[in-house]
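The figures that follow rest on heavy atoms only: side chains count, while hydrogens, waters and symmetry mates do not. The model shown is predicted, which means the values in this text are computed figures rather than measured ones. Chain naming here is simple, since letters A, B, ... match the order of the sequence lines and numbering starts at 1 in each.
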Protein chains: 2
Amino acid sequence: MTMKNNPHINKALDVLKKSPLKLTTQRTRLIEILFKNGDQHFTAEDVYKEVNKYRYKISLATIYNCLNQFTKHEILKSVRLSGDKVYFDTNTERHHHFFCKSTEKLSDIKSSDVKISNLPKIPRGKKLESVEVVVNITD
Amino acid sequence: MTMKNNPHINKALDVLKKSPLKLTTQRTRLIEILFKNGDQHFTAEDVYKEVNKYRYKISLATIYNCLNQFTKHEILKSVRLSGDKVYFDTNTERHHHFFCKSTEKLSDIKSSDVKISNLPKIPRGKKLESVEVVVNITD
DNA sequence: TCTTAAATTAGAATAATTCTAATTTAATCT
DNA sequence: AGATTAAATTAGAATTATTCTAATTTAAGA
């Protein structure tokens, strides 16, 4: 009964297959769950709870391992911000975030929706890696 | 031999005196050390190491307590970003940061040095709290 | 000086994450 | 298909930053 031909799932699975990572049951299962509904944001604990609603159980260690490997191979993007937990994002494009301090939920801001100008020069000898904009909001 | 009349120290001490916080030996000592050189960024652990170079020791619990109280009373600002630790900043004005992933050091970007335009509208029912820009750099 | 709420402290507790070491498994090689 | 092996999974221990607890001390006002 699992929805076949979900384009988000297929795209993520393709990236996994092209990576040097092994195509394990756990990884496939995780991708099916995480990418089922397009762009989503979640913590390792969120994933652990969600996954284990089903009869196929995955250990927390594996969830951490997979999320980190997926991030390394650009199947996911990690977002670290105020608060103690790391968030993972199914959107791997360059973009920014709203972060609601009340609900602790993230939502995307398209990169093209924010214009940053006048950025001062990068300190001597350093090189630019990324620009992250977080718009903190509350209820 | 401690430098009297350091304006950064005096300013911070004044804010402390105007706050409901008690003027304890530890708090005075911390302010003298943290504000000695103007704008600085540090973690609780940094402060613990720095403080305990001197003969007057302050416990780690007190350092956490003080840094948090100082933040609540706007003597310091806290900055949370990629990485696991909270940074504290002697600059309490609205501003942004460079974060060097190699050295794990922060440096300030004046608010006026970044122009953000075109920010999408805040989701329904939410209100804006702050906009944080972090420019990640590397060696 | 007396009082008392707030501050300090050592050490225990917590929470997110990573590590360890044993077991299992996917993918490759006959 | 069966054997091989490096990678993956796992439970549980370890780690790290931070907060909590509960006992003691102290600042500041009466």
For B:S78 and B:V86, the nearest pair of non-hydrogen atoms, with its separation, is CB-CG1, 4.0 Å
Heavy-atom nearest pair, A:L60 first then A:A44, reads CD1-O, 4.4 Å
Terminal axes of the helix from C:dT1-D:dA30 to C:dT30-D:dA1 (5 end pairs apiece), angle rounded to 10 degrees, sit apart by 30°
A:T24 meets the side chain to side chain donor-acceptor pair (under 3.5 Å) criterion, sequence neighbours left out, with none
(message) Counting neighbours of NZ on B:K115 that are heavy atoms of other residues, nucleotides or ligands and sit closer than 6.0 Å, is the number greater than 12?
(response) yes
In the 5' to 3' direction, the nucleotides of DNA chain C bounding the stretch that comes under 4.0 Å of a heavy atom in chain A are C:dA16 to C:dA27
Worksheet item: Relative to the ring of B:H95, is the ring of B:H41 parallel (under 30°), tilted (30 to 60°) or perpendicular (over 60°)?
Response: tilted
Determine: side-chain N/O of B:Y64 to OP1/OP2 of D:dT18, distance under 4.0 Å, yes or no.
-> yes
Margin query: Using a 6.0 Å cut-off, check whether atom NZ of A:K57 has over 12 heavy atoms from anything other than its own residue.
Written below: yes
Expected list for residues 13-25 of chain B near DNA chain C, using heavy atoms below 4.0 Å, is B:L21, B:K22, B:T24
Sequence neighbours excluded, the answer for side chain to side chain donor-acceptor pair (under 3.5 Å) partners of A:T92 is none
In whole angstroms, the gap separating P of D:dT16 from NZ of B:K85 amounts to 10 Å
Sequence neighbours excluded, the answer for side chain to side chain donor-acceptor pair (under 3.5 Å) partners of A:N136 is B:S130, B:E132
Looking at A:E45 and A:K85, does any basic side-chain N land under 4.0 Å from a carboxylate oxygen?
no
On DNA chain D, more 5' by nearest nucleotide between B:D84 and B:N65 is B:D84
For B:K36 and B:N6, the nearest pair of non-hydrogen atoms, with its separation, is O-ND2, 2.8 Å
The answer to which of B:A61 and A:Q26 contacts DNA chain D further toward the 5' end, by nearest nucleotide, is A:Q26
